[in-house]
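Some notes on the structure that comes next.
Positions are given from 1, in the same order as the sequence printed here.
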Amino acid sequence: MIFDIRKETLPREEIEALQLRRLRDMCARVYANVPFYQKRFNEIGITPADIKTLADLRNLPFTEKQDLRDYYPFGLFAVPRENIVRLHASSGTTGKAVVVGYTARDLENWAEAAARSLAAAGVSHLDTVHVAYGYGLFTGGLGAHGGAERLGATVVPASGGATRRQAMLLRDFGATALCCTPSYALHLWEAGQEVGIDFKELPLRTGVFGAEPWTEEMRHDIEQKMGINALNIYGLSEIMGPGVAMECVEAKTGMHLWEDLFLPEIIDPVTGEQLPPGEVGELVLTTLTKEGIPLVRYRTRDLTSLDYTPCCCGRTHVRITRLRGRTDDMLIIRGVNVFPQQIEGLLMEQRVLSPNYQLVVDRVNNLDTLEVRVEMGEHLFADEIGKLQTLERTLQKNIKEYLGVTVKVRLMEPHSIERSEGKARRIVDNRPKD
Ligand code: DLL
């Protein structure tokens with residue numbers, strides 16, 4: 001179902017005309033109201049009036065996460081504080097958190113983007129939507145909640161935690177859609193198993209999963225275990241929260257990025273130059289309607305590509321392909337670039353393993369080492385040692401062949417790797433900080 005048929009199927013020329021108008025207006029607003037942007041524009045000798053076409057975007061300055069940290073907490077806000085009606089913040093494991101402020105109109109636009117996203121997953125006012133993204137400063141819970149309410153669905157604001165109880169609520173309330181991280185979906189499924197709930201027998205049919213990287217292999221595993229359609233949703237706090245882009249249930253390939261609200265580019269993360277459609281690089285987003293904290297050319301650090309080919313669902317908004325990783329999640333192991341998702345794909349090929357894994361990086365005698373810890377499935381656990389050793393060797397060989405890096409694979413007992421209630425922690429980096 002398309003939430004707003006007119007906006008979501010605009011012809012390309014109309015999308016671009018709208019984007020240009022909104023880009024000029026947004027730049028004029030930040031130039032007038034945010035000293036940081038006025039300074040940046042002046043430094044490169046450009047004013048908002050110089051923006052004549054969308055191609056001029058490439059002349060505008062980038063914004064980086066560090067800029068948001070430097071101006072912590074409210075330094076990049078573009079409206080008086082009394083116009084801000086909500087604050088969110090990213091968890092930020094390192095350094096200061098990043099704080100974002102929303103005006104009432106920002107919240108309306110966010111709810112609309114999230115509603116479009118849920119509708120793209122096939123969710124409607126007839127559904128019961130169980131939201132197990134965390135509620136709080138994290139944007140996941142309230143973001144998905146706002147979208148589900150805007151759709152007119154019944155929302156179950158479960159948040160993260162009390163996982164067994166949540167599995168029971170899913171059964172008792174008959175939720176038809178589940179919003180959470182893919183790793184938490186698996187955690188819920190496991191908890192269900194423990195209390196005798198078979199997800200396949202529940203009315204649940206749709207998963208709206210995101211906030212962390214996951215692979216196609218992980219999708220198949222979840223779909224098969226839970227008997228649902230698992231769809232990918234993308235977003236980030238700096239730009240808005242969940243609902244920046246969403247996969248449609250019709251094509252299930254790539255996430256439509258709501259182009260009337262956000263202007264995407266893909267750049268080479270090293271040179272900063274724009275890359276043509278289809279090439280993988282860093283996603284850069286410019287907000288087109290945001291009032292509280294509009295951002296010009298925000299470097300997301302997420303690696304993906306843009307797909308402008310027509311989609312069978314009828315939506316005309318560009319699709320971003322499944323995220324390949326973050327530039328700052330890339331491990332460099334003895335000179336070889338490794339993204340956790342690449343290893344996840346190889347692990348998930350082995351049906352006997354559980355999808356719970358962790359990559360432990362260390363430094364031994366000045367050399368980086370990578371240990372891949374992955375839990376065995378319950379059946380495998382009972383098997384004899386010899387079989388397990390063969391499997392470890394096979395995985396080591398596959399990883400060496402595909403990624404060119406020598407790793408140690410360690411099969412772990414079921415349930416021995418910590419479960420997360422939000423984003424899974426896939427990398428444990430024990431290397432000394434230089
Ligand atoms: O994770 C917002 C969100 C909530 C998105 C619920 C989707 C669902 P942050 O905590 O600021 O915001 O983290 C944003 O998470 O830059 C990506 O690196 C990663 N991420 C988000 N969605 C996906 C996805 C929320 N579908 C960061 N696939 C982003 C891969 C994702 N990575």
Side-chain angles (χ1 to χ4, degrees), residues 22-23 26-44 46 48 57 60-103 105-107 109-110 113 134 136-143 210-212 234-245 257 261-267 269 272 281-304 323 325-329 422-423:
R22 290 186 167 171
L23 175 68
M26 189 280 264
C27 287
R29 275 188 289 120
V30 294
Y31 191 76
N33 299 314
V34 187
F36 162 81
Y37 277 122
Q38 193 173 83
K39 188 160 160 273
R40 282 284 169 95
F41 277 61
N42 289 343
E43 274 165 8
I44 47 177
I46 195 167
L57 182 65
L60 300 180
F62 288 118
T63 310
E64 308 228 20
K65 197 175 201 124
Q66 191 55 41
D67 298 320
L68 285 140
R69 293 208 171 108
D70 290 346
Y71 287 81
Y72 175 88
F74 308 139
L76 296 189
F77 286 13
V79 295
R81 273 302 309 285
E82 66 260 32
N83 294 357
I84 296 289
V85 299
R86 170 122 47 98
L87 295 174
H88 278 284
S90 79
S91 44
T93 42
T94 53
K96 275 185 194 153
V98 161
V99 182
V100 285
Y102 301 75
T103 64
R105 183 166 310 152
D106 289 336
L107 288 186
N109 286 334
W110 185 13
L137 288 175
F138 175 57
T139 53
L142 283 162
E212 67 183 7
Y234 172 75
L236 62 167
S237 352
E238 297 90 314
I239 294 297
M240 195 177 70
V244 172
L257 187 135
L261 306 177
F262 312 105
L263 183 52
E265 304 164 74
I266 297 291
I267 61 160
E282 178 179 346
L283 178 66
V284 170
L285 291 171
T286 298
T287 64
L288 293 174
T289 56
K290 265 183 77 182
E291 298 177 334
I293 175 166
L295 295 178
V296 179
R297 303 192 82 199
Y298 182 69
R299 294 189 60 160
T300 65
R301 302 190 189 179
D302 290 319
L303 294 170
T304 178
L323 274 74
R326 289 179 59 78
T327 50
D328 43 7
D329 258 3
K423 301 181 190 240

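Between Phe77 and Phe74, the two ring planes are tilted [angle within 30° to 60°].
Ile293 places none of its side-chain heavy atoms less than 4.5 Å from the side chain of Glu238. Arg299 places none of its side-chain heavy atoms less than 4.5 Å from the side chain of Lys65. Contact of the Tyr37 side chain with the Leu295 side chain is registered, since non-hydrogen atoms from C-beta on lie closer than 4.5 Å. For the pair Cys27 and Leu60, the minimum side-chain heavy-atom distance is below 4.5 Å.
Between the CG atom in Leu142 and the CZ atom in Arg86 there is a gap of 4.5 Å [rounded to 0.5 Å]. Distance CG/Leu261 to OG1/Thr287: 9.5 Å, rounded to 0.5 Å. Rounding to the nearest 0.5 Å places CG of Asp302 at 8.0 Å from CD of Glu282. Put simply, CD on Glu265 and CG on Leu285 are 8.5 Å apart, with the number rounded to the nearest 0.5 Å.
The side chain to side chain donor-acceptor pair (under 3.5 Å) contacts involving residues 75-84 comprise nothing, where partners must be two or more places apart or lie in separate chains.
Across every non-hydrogen atom of Pro242 and Gly143, the tightest pair is CG-CA, 3.9 Å. Pairing each heavy atom of Ala78 with each of Pro294, the nearest pair is CB-CD, 3.5 Å. Considering all non-hydrogen atoms of both residues, Met26 and Val296 come closest at CE-CG2, 3.9 Å. When all heavy atoms of Leu263 and Leu57 are compared, the closest pair comes out as CD2-CD2, 3.8 Å. For the residue pair Gly272 and Phe62, the shortest heavy atom distance occurs at O-CZ, 3.5 Å. Shown here for Ala211 and Lys423, the closest heavy-atom pair between the two residues is O-NZ, 2.8 Å.
Tyr102 is linked by a ring-ring contact (aromatic ring centres under 6.0 Å, His included) to His88, Trp110, counting only residues two or more places apart in sequence or in another chain. Under the ring-ring contact (aromatic ring centres under 6.0 Å, His included) criterion, Tyr298 pairs with no residue at all, not counting sequence neighbours.
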(request) Give the intermediate values and the outcome of side chain to side chain contact (heavy atoms under 4.5 Å, CB included) for residues Tyr71 and Val34. (result) CA-CA 11 Å; Tyr71 287 81; Val34 187; over 6 Å; no

(request) Quick one: do Tyr31 and Asn42 satisfy side chain to side chain contact (heavy atoms under 4.5 Å, CB included)? Show the steps, please. (result) CA-CA 9 Å; Tyr31 191 76; Asn42 289 343; 2.7 Å; yes

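With hydrogens and angles disregarded, no donor-acceptor distance shorter than 3.5 Å links the side chain of Asp70 to the backbone of Asp67. Looking only at distances, no side-chain donor or acceptor of Lys290 sits under 3.5 Å from a matching main-chain atom of Asp106. Counting only distance, with no hydrogens or angles, the side chain of Thr300 and the backbone of Leu283 share a donor-acceptor pair below 3.5 Å.
Few gaps surround CZ on Arg326; more than 12 heavy atoms of other groups in view lie less than 6.0 Å from it.
Here the options are Ile239, Leu288, Thr289, Thr286, the test is side-chain contact (heavy atoms from CB on, under 4.5 Å), and the partner is Phe262; only Ile239 passes.
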